[in-house]
Undergrad: 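Before we start, here is the structure in question, set down as structure tokens.
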Amino acid sequence: MNGIAQSLLDARASARHLPLLTEADPALTMPLAYDVADEIRRLRLAAGEKTRGYKIGFTNRGIWERYGVHEPIWGPVWDTTIEFVDQGEATVSLAPFVEPRLEPEIMFCFAQRPRTGMSESELADCLAWVAHGFEIVHTHFAGWRFQAPDTVADFALHGRLFVGRQVPMDRFADPVRELAALRVGLECDGALVEEGEASIVLGGPLTALRLWVDAMFSQPQRWPIVSGDIVSTGTITDAAPMAPGQRWQSRVSDARLPGLALRTEA
């Protein structure tokens, strides 16, 4: 697994494509792909990066057929890939990314470590805050054509995470229902690209988080979930292709979670 992990790290460092892993080795299964991801995690920690939480991908069931991936995936988020956007707007260079796309998401921060088997309401009590934000996803496989194990090994497609204003969980009387009912519009240069409801992510962001927590506790790698971890729960719209010189804007139906703006550069 070390050779595959290093080839992916090299491709990331030079922002270039790689041949599809599952074509080179049809025996690459999801468990083996997570072994690759675990080796990448070990190498990045050894190089001095620090984990800041996780991203969950492919929770939006509306895009499963489009990408040929029919189950959620996940991977670490790093101190080098996360940015807090308290003022509501950020600028990003697209140079480090290969075929970047933008995803509007709901994300949470843990105040305490969860346990397996919790309900959504119990899980909400473990959370410090909720925020709306953007994830830039990208892939080192041409044309966004891959199989699920490829995406797991390929950093779970994670590029950057932009975290908007953090809202304490106690601002929501019924966070399970209220967050699932959120509607998010994604605009580019003033034109609506797509609008979606947060219930598309496996029934709602807290449901997606609960299913992920249970999956993490059964994961052989035993990646830890600790207080302070930030977890993005998946895109509410399709991932939108990005190019330099654009201004992206999200609009959220609940004023407690303000939208974000993101300008792109070469």
Side-chain angles (χ1 to χ4, degrees), residues 12 15 44 49-60 73-110 127-139 155-168 179 182-190 192-196 198 201 205 208-209 212 228-266:
R12 178 178 179 271
R44 293 181 75 168
E49 291 185 86
K50 298 178 181 178
T51 56
R52 290 298 309 271
Y54 299 91
K55 63 81 51 89
I56 317 173
F58 292 107
T59 54
N60 184 327
I73 65 167
W74 52 87
V77 169
W78 300 85
D79 60 341
T80 53
T81 67
I82 193 169
E83 181 176 340
F84 292 87
V85 191
D86 294 329
Q87 300 306 311
E89 183 161 342
T91 300
V92 63
S93 168
L94 298 183
F97 309 115
V98 184
E99 302 192 32
R101 299 188 177 194
L102 190 65
E103 299 184 341
E105 309 201 6
I106 300 300
M107 49 203 68
F108 300 101
C109 180
F110 279 101
L127 300 171
W129 51 256
V130 57
H132 163 62
F134 287 141
E135 184 182 16
I136 295 179
V137 291
H138 69 144
T139 177
F155 308 95
L157 307 184
H158 175 63
R160 287 283 296 278
L161 193 66
F162 296 88
V163 183
R165 186 186 304 168
Q166 300 100 60
V167 179
L179 294 175
L182 288 174
R183 295 197 64 82
V184 177
L186 181 63
E187 301 176 358
C188 181
D189 296 332
L192 180 65
V193 175
E194 189 175 344
E195 185 178 28
V201 291
L209 189 70
W212 171 78
D229 273 350
I230 296 163
V231 183
S232 62
T233 56
T235 186
I236 296 168
T237 67
D238 193 3
M242 306 176 74
Q246 295 173 326
R247 185 180 188 272
W248 291 87
Q249 173 79 43
S250 61
R251 302 190 185 279
V252 185
S253 60
D254 191 318
R256 289 170 292 187
L257 292 171
L260 287 186
L262 185 64
R263 294 184 181 274
T264 61
E265 300 176 338

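Here, residue 1 is the first one in the sequence, and each next residue gets the next number.
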Undergrad: Under the ring-ring contact (aromatic ring centres under 6.0 Å, His included) rule, collect the residues that match up with F155, sequence neighbours excluded.
TA: H140
Undergrad: Taking all non-hydrogen atoms of both residues into account, name the closest pair between T237 and V184 and its distance.
TA: CG2-O, 4.2 Å
Undergrad: Taking all heavy atoms of A239 and all of E103, pick out the closest pair and write down the distance.
TA: CB-OE2, 3.6 Å
Undergrad: Applying side chain to side chain contact (heavy atoms under 4.5 Å, CB included) to E49 and D79, what does each step give before you reach the verdict?
TA: CA-CA 7 Å; E49 291 185 86; D79 60 341; 4.0 Å; yes
Undergrad: Quick one: pull up CZ in R183 and CZ in R251 and give me the separation to the nearest 0.5 Å.
TA: 15.0 Å
Undergrad: Does some side-chain heavy atom of T59 sit less than 4.5 Å from a side-chain heavy atom of T233?
TA: no
Undergrad: Kindly write out the residues that satisfy ring-ring contact (aromatic ring centres under 6.0 Å, His included) with Y54, not counting sequence neighbours, or none if the list is empty.
TA: W212
Undergrad: Is T264 reaching over with its side chain to a backbone N or O of Q246, donor-acceptor style, under 3.5 angstrom?
TA: yes
Undergrad: Answer yes or no: is there a side-chain heavy-atom contact under 4.5 Å between E89 and R247?
TA: yes
Undergrad: Could you go through the side chain to side chain contact (heavy atoms under 4.5 Å, CB included) check for I236 and I106 one step at a time?
TA: CA-CA 8 Å; I236 296 168; I106 300 300; 3.9 Å; yes
Undergrad: Check E135, E194, E105, R101 against T235 for a side-chain contact (heavy atoms from CB on, under 4.5 Å) and give me the one that passes.
TA: E105
Undergrad: D229: which residues meet the salt bridge (charged side-chain N to carboxylate O under 4.0 Å, His left out) condition with it, sequence neighbours left out?
TA: none
Undergrad: List the steps and the verdict of side chain to side chain contact (heavy atoms under 4.5 Å, CB included) for I82 and I230.
TA: CA-CA 10 Å; I82 193 169; I230 296 163; 3.7 Å; yes
Undergrad: Is it true that atom CZ of R44 has more than 12 heavy atoms of other residues, nucleotides or ligands lying nearer than 6.0 Å?
TA: yes
Undergrad: Indicate the atoms forming the closest heavy-atom contact of L186 with P104, along with that distance.
TA: CD2-CD, 4.1 Å
Undergrad: Determine all donor-acceptor pairs shorter than 3.5 Å in which one atom belongs to a side chain in residues 91-98; sequence neighbours excluded.
TA:
| from | atom 1 | to | atom 2 | distance (Å) |
| --- | --- | --- | --- | --- |
| S93 | OG | A95 | N | 3.2 |
| S93 | OG | A266 | O | 2.9 |

Undergrad: Do the non-hydrogen side-chain atoms of L209 and V231 ever get within less than 4.5 Å of each other?
TA: yes
Undergrad: Evaluate the side chain to side chain contact (heavy atoms under 4.5 Å, CB included) criterion for residues W129 and V167: first the C-alpha distance (whole Å), next the side-chain angles of each, then the deciding distance (0.1 Å), finally the verdict.
TA: CA-CA 5 Å; W129 51 256; V167 179; 5.7 Å; no
Undergrad: How far apart are the closest heavy atoms of P205 and L179, and which atoms are they?
TA: CD-O, 3.7 Å
Undergrad: Sort and list the pairs that fulfil ring pair (Phe, Tyr, Trp, His ring centres under 6.0 Å) and have at least one residue in residues 231-266, not counting sequence neighbours.
TA: none
Undergrad: Output all residues satisfying ring-ring contact (aromatic ring centres under 6.0 Å, His included) with H132, sequence neighbours left out; order by chain, then residue number.
TA: F134
Undergrad: Could you pull out the closest heavy-atom pair between F84 and Q166, with the gap in Å?
TA: CD2-NE2, 3.6 Å
Undergrad: Using every non-hydrogen atom in the two residues, find where T51 and P76 come nearest and quote the distance to one decimal.
TA: CG2-CB, 4.2 Å
Undergrad: How long is the gap from CZ on R160 to NZ on K55, to the nearest 0.5 Å?
TA: 14.0 Å
Undergrad: Given side chains that start at C-beta, do those of L161 and R52 come closer than 4.5 Å, heavy atoms only?
TA: no
